[in-house]
Amino acid sequence: MAFFNRSTPPHIVTLVLSTGIAALSLNIFLPSLPGMARHFGVDYGVMQLTISAYLAMSALAQFLIGPISDRYGRRPVTLVVVAIFTLASVAALFAPTAQTFLAARFVQAVVATTFVISRAAVRDMFPGPEAASRIGYVTMGMSLVPMIGPVVGGVLDAAFGWQANMIVLAASGVGLFWLVWGDMGETVAGGGLGFRAQLNAYPVLFRSQRFWGYALSAASAAGLFYAYLGGAPLVGEKAFGLSPVEIGYYFALPSVGYLIGNWVSGRFATRLGMDKMVLAGTALATAALALALIAALSDGLGPLFFFTTVAITGIGNGLALPSANAGMMSVRPELAGTASGLGATLSIGCGAALSSLTAHFVGLEVSVLRLVAIMFASSLVSVLMMLWVLHRRRALGI
């Protein structure tokens, strides 16, 4: 793949940055949430909607964008999405009230669809296990962005205030638009699959127990992280007594784990197969959270141990999610965008619910135990869903 050539498929750098900006938009200002609540004169729960409502809006956007990208192609849809995100970032920067800021955040959520489009583009270019490997490499690079995002966000907040984070997002949108325009060639063959043809193919996808098993396993694995996003900033400040900068540094640990897991996935997914990678990753994450739960029950859970166990869940998710995503798209390859979008909608819809639920229950008493319990339950479901996929494979002899 030639770099900066619109007549060839996108370079991996373009796919990494396209997905990375969505992660950056989600987490760069996490250390600023308590301060933003004070700035706008609202409760923390209102500002937490910048996470949960953002996730809900992005779930809806990804559900719609998947079929649209199957029809019109990955390139034009990506360009429109990035342009909308950039304008919304400027609006958020100058928001006079919390309500205006939240409205701008809702529009910003459209950038989350770049992840759906990028992994569908990978599936356009490569078959199942190899797609899982390539998605692992794409998300390995992408994980560098959220790894440094909270750290940068915390430093910017301390030096210039939360508005500096919005400036970074707007500038990132301008840069990404330029990159996609110059490098991202179309990967959908034959001008895309028409909406009528898509509708005719949907029943096969929706009736597939393998698709739902992969999708629900991915949604539950991602759900534990969204629950973490919903409760960890408050727990870090109130329960552990951490500053915004310290929270930013600790928030980098799960991304380090995700980077490691993605690297292993990129190296071994083709050799070991998608199912083994998903099961190993979900089991590892669940085991780590079981240890954290035991420590929390015995009042022995400090910030270092807590964030370290979450880093291990990042390794597990890095192992599991590329293969789970490739698995759900392999059921009907011509509907890769639709499958990717539906799977992302499930993941983010589950994440939005868990993030909001976690913020509510954790905030009642600023309870670390409640946060860990919700994360553990979500992770356990991801293991059970993958075991169901393996059971169905044995029953069908495939």
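As the structure is a computational prediction, the values presented were derived from the model and not from experiment. All values below were derived from every heavy atom in this structure, side-chain atoms included, with hydrogens, water molecules and symmetry-related copies excluded.
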Rounded at 0.5 Å granularity, tell me how far [atom1] in [X] sits from [atom2] in [Y].
X    : Y   : atom1 : atom2 : result
I28  : I21 : CD1   : CD1   : 10.0 Å
N165 : L93 : CG    : CG    : 10.5 Å
L17  : H11 : CG    : NE2   : 11.0 Å

Residues forming a ring pair (Phe, Tyr, Trp, His ring centres under 6.0 Å) with [X], sequence neighbours excluded:
X    : answer
F225 : Y228
W388 : H391
F101 : F40, W162

**Asked** What are the two closest non-hydrogen atoms of I135 and V122, and how far apart are they?
**Response** CG1-CG1, 3.8 Å

**Asked** Can you name the residues that form a side-chain contact (heavy atoms from CB on, under 4.5 Å) with A285, not counting sequence neighbours?
**Response** L224, T313, S379

**Prompt:** Which residue pairs pass the side chain to side chain donor-acceptor pair (under 3.5 Å) test when at least one of the two sits in residues 213-222, sequence neighbours left out?
**Reply:** Y214-D275, Y214-R393

**Request:** Start with the C-alpha distance between T286 and F376, add both sets of side-chain angles, then the distance that settles side-chain contact (heavy atoms from CB on, under 4.5 Å), and finish with yes or no.
**Result:** CA-CA 6 Å; T286 305; F376 173 77; 3.7 Å; yes

**Item:** For S378, all residues meeting side chain to side chain donor-acceptor pair (under 3.5 Å), sequence neighbours excluded
**Value:** none

**Request:** May I have the step-by-step check of side-chain contact (heavy atoms from CB on, under 4.5 Å) for C350 and L354, ending in yes or no?
**Result:** CA-CA 6 Å; C350 174; L354 281 172; 3.8 Å; yes

